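For ligands, and for the atoms within them, numbers begin at 1 and follow the listed sequence. Worth saying up front: this structure is predicted, and the values here are computed from it rather than measured. Just the heavy atoms: all of them, side chains too, but no hydrogens, waters or symmetry mates, feed the values below.
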Amino acid sequence: MKRIYCDHTSTTPIDERVLNEMLLFLKEKYANPSSIHLQGQEVRKHVEIARKKVAELINADSHEIVFTSGGTEANNLAIKGIAFKKGKGHIITSKIEHHSVLDVLKYLEKKGFDVTYLDVDKYGLVNPDDVKKAIRDDTILITIIFASNEVGTIQPVKEISEIAREKGIPFHTDACMMVGLEKVDVKELGVDMLSLSAHKFYGPKGIGALYARKGILLESLIHGGHHEKRRRGGSENVPGIIGMGKASELAMEEIEKDRERIKELRDNLEKFILESIPDVIVVGHPEKRLYNILTVCFKYIEGESILLNLDFEGISVSSGSACTSGSLEPSHVLLAMGLPHEVAHGSIRFSFGKINNLKDVEKIKEVLPGIINKLRQMSPFWEKNK
Ligand SMILES: *Cc1c(COP(=O)(O)O)cnc(C)c1O
């Protein structure tokens, strides 16, 4: 059975063209870019070309790009990098961040930092006025996710960034779900730091970057050498960096081409679900939302059960609740958006990418209503409701 992959927000398949460039650096150009000999310098040249491509994707300068092991490390570096430099203070964030931001902040709270977690509205939007009101004399950092990986809502990052700049407070945004999907221009946005991850836009896993605007001083988290201008020790992940460079180049050329087609697939499924399945809620902002994500709450049933039934039909999706990690808590993002626990439990996230086509959507449409109906027939909540 050919599987249908509809989980591009978790990760994307690597682009053939990216893989091919990487192979050369796994097989032949294996030298350490820090080596002084000719082979090393040859690899160094390519690492710097890749850095330039990543920088161009977000309109940054090359020296403002620090390669990391992914989005998680980029978020850690931005937040702890500022926090450790300052030693104490207050940080502003939202309730709908990725765990690689929330868990860092929970850790910093234990170390004595103060954190304000801003509420969001029912669409998952942060109000810039709330950011302004939360600022204190000792605020050292504002960090807000750019686009939600769970519901796709896109935050008013430029407005928040202007508020931060006015007060002279560094502003970081986790843009892992934005870079490579939509045009991102750090100069126009005015952000000080921005995290990105290659495997979210058809690059390899285990490589990402932090954009840190010139003049932003960060405490290093990984010590051990002069690499990345002392901002991140360790021999460079050369194949990963090369792959991320190629993925950035392709994203720049192809963002527009894929965008409309992928959006049509998403909209097609959304329309079908709303028209043919009762008691569903599409979550996220109707317009200010990533074009490839469709998060739906199916009332009276569990997202996990829907996921497993779709899996059995050869369709890969994600559910909002984190049962897999051993907890029965529904998604913190959906709860922050005001959805009741029982509704949030029934969430499923479809996320499309360039490997999907109309046939995939037709297959999902063929099996989904039957699955929902079957599960609802078994649900005590559905009975009570009827
Ligand atoms: C995927 C993702 C991350 C983590 O990136 P990794 O490279 O997997 O560590 C962080 N934030 C958001 C919004 C993401 O979507």
Side-chain angles (χ1 to χ4, degrees), residues 5-14 18 54 57-58 65-81 93-107 120 124-126 143-155 157 160 172-182 184 189 191 193-211 221-222 232 237 239-241 243-245 247-248 251 284-285 288-295 316-320 322 324-325 331-334 336-337 349-353:
Y5 186 76
C6 201
D7 195 19
H8 287 78
T9 301
S10 293
T11 194
T12 56
I14 193 165
V18 170
V54 174
L57 178 64
I58 58 171
I65 299 295
V66 187
F67 285 117
T68 63
S69 64
T72 300
E73 191 189 319
N75 287 338
N76 269 264
L77 178 57
I79 299 168
K80 288 182 195 156
T93 189
S94 81
K95 288 185 177 166
I96 62 157
E97 300 298 310
H98 189 267
H99 283 293
S100 58
V101 167
L102 285 181
D103 289 356
V104 174
L105 293 170
K106 291 265 176 285
Y107 163 80
V120 294
L125 278 175
V126 171
T143 176
I144 304 279
I145 192 168
F146 204 145
S148 166
N149 52 299
E150 292 202 24
V151 299
T153 298
I154 298 171
Q155 301 300 334
V157 162
I160 299 170
H172 164 254
T173 184
D174 174 0
C176 291
M177 220 53 260
M178 196 71 174
V179 173
L181 279 95
E182 294 277 13
V184 171
L189 292 166
V191 298
M193 290 177 285
L194 179 144
S195 302
L196 53 155
S197 172
H199 75 97
K200 301 298 175 76
F201 57 101
Y202 308 96
K205 293 163 188 61
I207 184 76
L210 178 69
Y211 157 77
L221 302 185
I222 300 187
R232 206 271 188 186
N237 170 3
I241 290 170
M244 187 170 188
S248 300
H285 195 279
K288 294 171 196 158
R289 179 171 51 138
L290 284 174
Y291 56 88
N292 69 329
I293 293 185
L294 173 60
T295 300
S316 302
V317 300
S318 277
S319 74
T324 39
S325 58
S331 141
H332 64 286
V333 176
L334 298 178
M337 290 165 70
R349 181 189 67 197
F350 302 92
S351 49
F352 295 93

**OP:** Output, in order, the C-alpha distance, side-chain angles, deciding distance and verdict of side-chain hydrogen bond (donor to acceptor under 3.5 Å, both in side chains) for S318 and D7.
**Re:** CA-CA 6 Å; S318 277; D7 195 19; 2.9 Å; yes
Does [X] use its side chain to pair, donor to acceptor, with the backbone of [Y] at less than 3.5 Å?
{"X": "S316", "Y": "Y5", "result": "no"}
{"X": "T173", "Y": "A175", "result": "no"}
{"X": "N237", "Y": "G206", "result": "yes"}
{"X": "Q155", "Y": "G124", "result": "yes"}
{"X": "Y202", "Y": "A251", "result": "no"}

Considering the heavy atoms of [X], write down every atom of ligand 1 situated less than 4.0 Å from one of them.
{"X": "S100", "answer": "10 (C)"}
{"X": "G70", "answer": "7 (O)"}
{"X": "M177", "answer": "15 (O)"}
{"X": "I145", "answer": "13 (C)"}
{"X": "N149", "answer": "13 (C), 15 (O)"}

Looking only at protein heavy atoms, identify the closest one to [atom] and say how far it is in Å.
{"atom": "atom 13 (C) of ligand 1", "answer": "D174 OD2, 3.4 Å"}
{"atom": "atom 6 (P) of ligand 1", "answer": "G71 N, 3.4 Å"}
{"atom": "atom 9 (O) of ligand 1", "answer": "T72 OG1, 2.6 Å"}
{"atom": "atom 8 (O) of ligand 1", "answer": "H199 NE2, 2.8 Å"}

Original post:
In this structure, are over 12 heavy atoms from other groups packed under 6.0 Å from K205 atom NZ?
Top reply: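 Counting other residues, nucleotides and ligands, NZ of K205 exceeds 12 neighbours.
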Subject >> ligand 1 to S197 polar contact by distance, N or O atoms, under 3.5 Å >> reply: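 Yes: some nitrogen or oxygen of S197 is under 3.5 Å from one in ligand 1.
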Original post:
When only distance counts, is K200 in polar contact with ligand 1, meaning an N/O pair under 3.5 Å?
Top reply: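 Looking only at distances, the answer is yes, because the N/O contact criterion of under 3.5 Å is met.
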**OP:** Tell me which one of E97, H98, H99 gets a heavy atom nearest to atom 3 (C) of ligand 1.
**Re:**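 Nearest heavy atom to atom 3 (C) of ligand 1 lies in H98.
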Original post:
After noting the C-alpha distance and the side-chain angles of H172 and T143, does the key distance pass the side-chain hydrogen bond (donor to acceptor under 3.5 Å, both in side chains) rule?
Top reply: CA-CA 5 Å; H172 164 254; T143 176; 2.8 Å; yes
